[in-house]
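Atoms within each ligand, like the ligands themselves, are counted from 1 in listed order.
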Amino acid sequence: MASPEEVAAMRRAIAVSAQGLGTASPNPPVGCVVLDRHGRTVGEGYHARKGEPHAEVNALAAAGRSAAGGTAVVTLEPRNHHGRTPPCRAALIDAGVTRVLIAVRDPTSRGEGGAAVLRQAGLEVETGLLRQEALLILGPWLASLRAGRPYITWAYSATSDGVPLGPPVVGAPADLAALRAAHDLVLTPEGRLTEGLPGGHGDGGVFHVPRMPTEPGPAEAMDTLRAAGARSLLVEGTSRAAMSLLAACPADRVVAHLPRTLVSRAPCEGTAAVAALPEGYRIVDVALGADHIGLTADRE
Ligand SMILES: Nc1c(N[C@@H]2O[C@H](COP(=O)(O)O)[C@@H](O)[C@H]2O)[nH]c(=O)[nH]c1=O
């Protein structure tokens, strides 16, 4: 059972992990908090970019010797295999951590996962702590693994009769900049691909911005984006490129900006109801802007 301090630390690790969104791909955005033997926070870290230290390694470096006898609280199961960096479970064992709390299992772990190896080394390990909350950050990365293509968010503004009209409203530039920065790639209303946060993935050669392939089709275009390192794509507006891509690869999430106007009389008796969202999406968040209502909805 996790203590209240450990639950709070996991929520903090989830918050910290968000800083890897839009830059960590093709790796996952992971966060870690290290508590000392008295349950005090002594280090925090997140994974910023592939090739750079993992979340646990950054948090342990911040904690220094205070990690000995303490607890590591990490959003994704520590890795047990060698990749670009050494396995994180070794770093945890070497630092003398005695307890590890994990939110989400890593489906890419090779052989026995890091959790099993940590247990064999005598550490106490609990998995599944605040899993649903951690999936708010790790969900798109996991979904892109399952689908074999980037997780797609479609952002548009709609007319008062619910028809998708174009890119999200100009009245919300800060929201739009944040949305872009949380995605690896953006398909702009002009049909160009740009990095969500320019330069965010670094120049280590593990990520590049391809040209949006037009031939032979959207499925192959998704393969190209995936091979370029992208695990998330923001599609803005209703350009021809956007609509043909979405017809073949439906968005996982939509962010719709609706005008703050109300229908007071049906345009014509008996016409279809005004839809706030495309069919098959359920609202997960509603935000009120000065000149729009922002709906976030996930594919059912
Ligand atoms: N970023 C991250 C993990 N990511 C795991 O590491 C794999 C990539 O390893 P590498 O090639 O060394 O960068 C990636 O596919 C995923 O399984 N694991 C963790 O324990 N903590 C982290 O912070």
Ligand-residue contact atoms, ligand 1 with His47, heavy atoms, under 4.0 Å: 1 (N), 23 (O)

Numbered atoms of ligand 1 (with element) below 4.0 Å of Asp106, judged on heavy atoms: 5 (C), 16 (C), 17 (O)

Report the part of Pro28 in contact with ligand 1, treating N, CA, C, O as backbone and CB onward as side chain, heavy atoms under 4.0 Å; options are side chain, backbone, both, neither. both

Quick test of your reading of the model: are Glu300 and Arg282 salt-bridged, counting only N-O distances below 4.0 Å? no

Asp184/Arg231 salt bridge by N-O under 4.0 Å criterion: no

Only one of Leu187, Thr238, Asp252, Val255 clears side chain to side chain contact (heavy atoms under 4.5 Å, CB included) with Trp154; which? Thr238

Does Arg79 pair with Glu56 as a salt bridge, N-O distance under 4.0 Å? no

Near Glu56 (heavy-atom distance under 4.0 Å), the atoms of ligand 1 are 19 (C), 20 (O), 21 (N), 22 (C), 23 (O)

At under 4.0 Å between heavy atoms, what of Glu77 touches ligand 1? The answer is backbone

Tell me which part of His54 gets within contact of ligand 1: side chain, backbone, both or neither, using heavy atoms under 4.0 Å. both

Within the 4.0 Å heavy-atom shell around Ala55, which atoms of ligand 1 are there? 22 (C), 23 (O)

Donor-acceptor under 3.5 Å (Arg260 side chain, Gly289 main chain): yes

Begin with the C-alpha distance, continue with both residues' side-chain angles, and end with the deciding distance and a verdict on side chain to side chain contact (heavy atoms under 4.5 Å, CB included) for Leu35 and Glu6. CA-CA 8 Å; Leu35 304 174; Glu6 290 169 340; 3.9 Å; yes

Quick check on contacts: which atoms of ligand 1 are under 4.0 angstrom from a heavy atom of Thr108? 15 (O), 16 (C), 17 (O)

